[in-house]
Visitor: 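Take this structure, written in structure tokens, and hold onto it; I'll ask about it next.
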There are 2 protein chains.
Amino acid sequence: MYSPRVGRTSDARNKILEAAKVLIEQRGYSALGVAEICAAAGVPKGSFYYFFESKQALALTVIDEHWAAQRAEWEAVLNADASPLRRLHDLFEVTEEVQRVAQQRSGVVVGCMFGNLALELSNQAPEIRERLQAIFDAQIELIEAVVTQAKDLGEAGPAVDSREAARSIVAQIEGRVLLAKLLNDPEQLDTLWRNSLDLLQVPDDSRTLVN
Amino acid sequence: MYSPRVGRTSDARNKILEAAKVLIEQRGYSALGVAEICAAAGVPKGSFYYFFESKQALALTVIDEHWAAQRAEWEAVLNADASPLRRLHDLFEVTEEVQRVAQQRSGVVVGCMFGNLALELSNQAPEIRERLQAIFDAQIELIEAVVTQAKDLGEAGPAVDSREAARSIVAQIEGRVLLAKLLNDPEQLDTLWRNSLDLLQVPDDSRTLVN
DNA sequence: GGAGAATACATGACCGGTCGTCTAGCTTCT
DNA sequence: AGAAGCTAGACGACCGGTCATGTATTCTCC
């Protein structure tokens, strides 16, 4: 029902979440310790298990919150008032910018948190795998919608399978982000646009963005 | 079971290497312990540091050996006696088959060992990162050569940048392998061919493979 | 408005176990 | 005897997780 706010209030939970997000992006899951997270958050280790059931439960929460934020960003870009291809283009720009900013702040390209965890934990933690599957599925769906719109407007080739093309674009993003992280070079991402034009079989006369 | 010989009388090193390869593919690096490797190899833990300087040194050896084997396979396929596009097509088939076999044997799609380790360790172990950078560079170079040949024969579009296209193909492989691992479904890989035709701007009349 | 009661959080010591690593010493062969 | 190949066992550090106990804040009831 309704629970009264009795006792203290603390921002320790949020501090843990924020620290965990950064550390998981930078160091992964297995190589990361609860003590390290707490130290970075400025929260005593004893408090950790008051706010989270387990290390894995924390990871799931971090994943959910990060996806909520990223989905909002993707939706804002992909539902903006512009041509479908333009919106797709903007998504790639945002993606590259995110990595560039992260690199300037921490010195390293952190890559895609979901991709990182997918490779690290798919075969280790079924719950995390399920969550990541749902996230990638949602990403594909968001892009699929834009591809379909592009097809309807003749911006993309009529032979294109929207869903499969969306999958390919997501795969291309993940693959390029992997290279960007390995080379610590965000510029690995700036071919995403050109490749997508090919994958979507965009005719030559539609390849110059006007809007 | 006597080995009355000078020099190496044990195959323990090889057993460790083989077990480590399988386990690293399945469980990654950080989540994997030396004891677990030795147990799987049937080698006493105390022997480990007689054969390897450290866990990381083992990982580097596993990486090198795995790449030596994979490079040989790639070269065999990519230098075969067939058209450039056909050879590229065969590489994708081999790639999918490898994952399919691994899945049938172990129950899970293990993905690409280099990609897995790249995301897990790029920002943790500089030596491993360097090795992986060299490997991906070599992969790109192998594919670039084939793309160049395809261009010369008019199989690929003249506007294609060979090196950049090769990078995109490798990225597409890694991205699709990620999805295949996450979904435990090797069939995620069978769009590689179609996508490459787009990325290489192959004209319609060259898309049917004869040889 | 003052006194408990109840709740929300803080804290550090501590648990059993595992981590990567090392060394002293055992075998086995020359 | 000496050397080389190999290994049991232990090392200290750290792992994720627990818990008893303490303090701060807001509730209820007088």
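Here is the naming used below: chain letters follow the sequence lines, and residue numbers restart at 1 for every chain.
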Visitor: Would you kindly say whether B:Arg129 and B:Asn123 are connected by a side-chain donor-acceptor distance under 3.5 Å?
Guide: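 Yes, a side-chain donor-acceptor pair sits under 3.5 Å.
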Visitor: Would you say B:Ser47's side chain and B:Val43's backbone share a donor-acceptor pair under 3.5 angstrom?
Guide: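 No; zero donor-acceptor contacts below 3.5 Å.
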Visitor: Looking at residues at least two apart in the chain, or sitting in another chain, which of them share a ring pair (Phe, Tyr, Trp, His ring centres under 6.0 Å) with A:Phe52?
Guide: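 With sequence neighbours excluded, A:Phe52 shows a ring pair (Phe, Tyr, Trp, His ring centres under 6.0 Å) to A:Phe48, given in chain and number order.
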Visitor: Please give, in whole Å, the distance from D:dG16 C1' to A:Ile16 CD1?
Guide: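 Checked: the CD1 to C1' distance equals 14 Å.
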Visitor: Quick one: does any side-chain atom of B:Gln133 pair with a main-chain N or O of A:Leu182 as donor and acceptor, under 3.5 Å?
Guide: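 Yes, because the side chain of B:Gln133 sits within donor-acceptor range (under 3.5 Å) of the backbone of A:Leu182.
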Visitor: With a 3.5 Å cut-off and no angle check, do the side chains of A:Ser168 and B:Arg176 form a donor-acceptor pair?
Guide: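 Side chains of A:Ser168 and B:Arg176: pair found under 3.5 Å.
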Visitor: Going by the rule side chain to side chain contact (heavy atoms under 4.5 Å, CB included), which residues pair with B:Asn79 if we only count those two or more places apart in sequence or in a different chain?
Guide: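 For B:Asn79, the residues satisfying side chain to side chain contact (heavy atoms under 4.5 Å, CB included) (neighbours in sequence not counted) are B:Glu75.
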Visitor: Listed by chain and number, what are the side chain to side chain contact (heavy atoms under 4.5 Å, CB included) partners of A:Asp161, not counting sequence neighbours?
Guide: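 Checked A:Asp161 against side chain to side chain contact (heavy atoms under 4.5 Å, CB included); matches are A:Arg163, A:Glu164.
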Visitor: Can a donor-acceptor pair be found, under 3.5 Å and without considering hydrogens, that links the side chain of A:Gln124 to the backbone of B:Gln26?
Guide: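 Between the backbone of B:Gln26 and the side chain of A:Gln124 there is a qualifying donor-acceptor contact (under 3.5 Å).
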Visitor: In chain order, what residues pass the side-chain hydrogen bond (donor to acceptor under 3.5 Å, both in side chains) check against B:Gln201, with sequence neighbours excluded?
Guide: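 Listed in chain order: A:Asp198.
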Visitor: Could you tell me the separation between the CZ atom of A:Phe52 and the P atom of C:dC9, rounded to a whole number of Å?
Guide: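 After rounding, the gap between these two atoms is 12 Å.
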Visitor: Kindly write out the residues that satisfy ring pair (Phe, Tyr, Trp, His ring centres under 6.0 Å) with A:Tyr29, not counting sequence neighbours, or none if the list is empty.
Guide: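 Ring pair (Phe, Tyr, Trp, His ring centres under 6.0 Å) check on A:Tyr29 returns nothing, list empty.
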Visitor: Could you identify which residues of residues 25-38 of chain A place a heavy atom less than 4.0 Å from some atom of DNA chain D, listed by residue number, or say none?
Guide: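 Within residues 25-38 of chain A, the residues near DNA chain D are A:Leu32, A:Gly33, A:Val34.
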Visitor: Taking N or O atoms only and anything under 3.5 Å, show me the protein contacts with nucleotides 24-27 of chain C, one pair per line.
Guide:
none

Visitor: Applying side-chain hydrogen bond (donor to acceptor under 3.5 Å, both in side chains), which residue pairs with at least one partner in residues 53-73 of chain B are found, sequence neighbours left out?
Guide: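 Matches after skipping sequence neighbours: B:Asp64-B:Arg131.
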Visitor: Less than 3.5 Å apart, which donor and acceptor atoms pair up between the side chains of residues 34-42 of chain B and the rest of the protein, not counting sequence neighbours?
Guide:
from, atom 1, to, atom 2, distance (Å)
B:Glu36, OE1, B:Arg27, NH2, 2.7
B:Glu36, OE2, B:Arg27, NE, 2.9
B:Glu36, OE2, B:Arg27, NH2, 3.3

Visitor: Check side chain to side chain contact (heavy atoms under 4.5 Å, CB included) between B:Ala150 and all other residues, then give those that pass, not counting sequence neighbours.
Guide: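 By the side chain to side chain contact (heavy atoms under 4.5 Å, CB included) rule, B:Ala150 matches B:Pro84, B:Leu85, B:Glu155, B:Ala156.
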Visitor: Where along residues 56-64 of chain B does a heavy atom come under 4.0 Å from DNA chain D, residue by residue in number order?
Guide: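 Result for residues 56-64 of chain B: none.
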Visitor: Can you name the atoms? Protein N/O to nucleotides 7-11 of chain D N/O, anything below 3.5 Å, with the distance.
Guide:
from, atom 1, to, atom 2, distance (Å)
D:dT7, OP2, B:Ser47, OG, 2.5
D:dT7, O5', B:Ser47, OG, 3.2

Visitor: Output the rounded distance in Å from CG (B:Leu23) to P (C:dC19).
Guide: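 Atom CG in B:Leu23 sits about 12 Å away from atom P in C:dC19.
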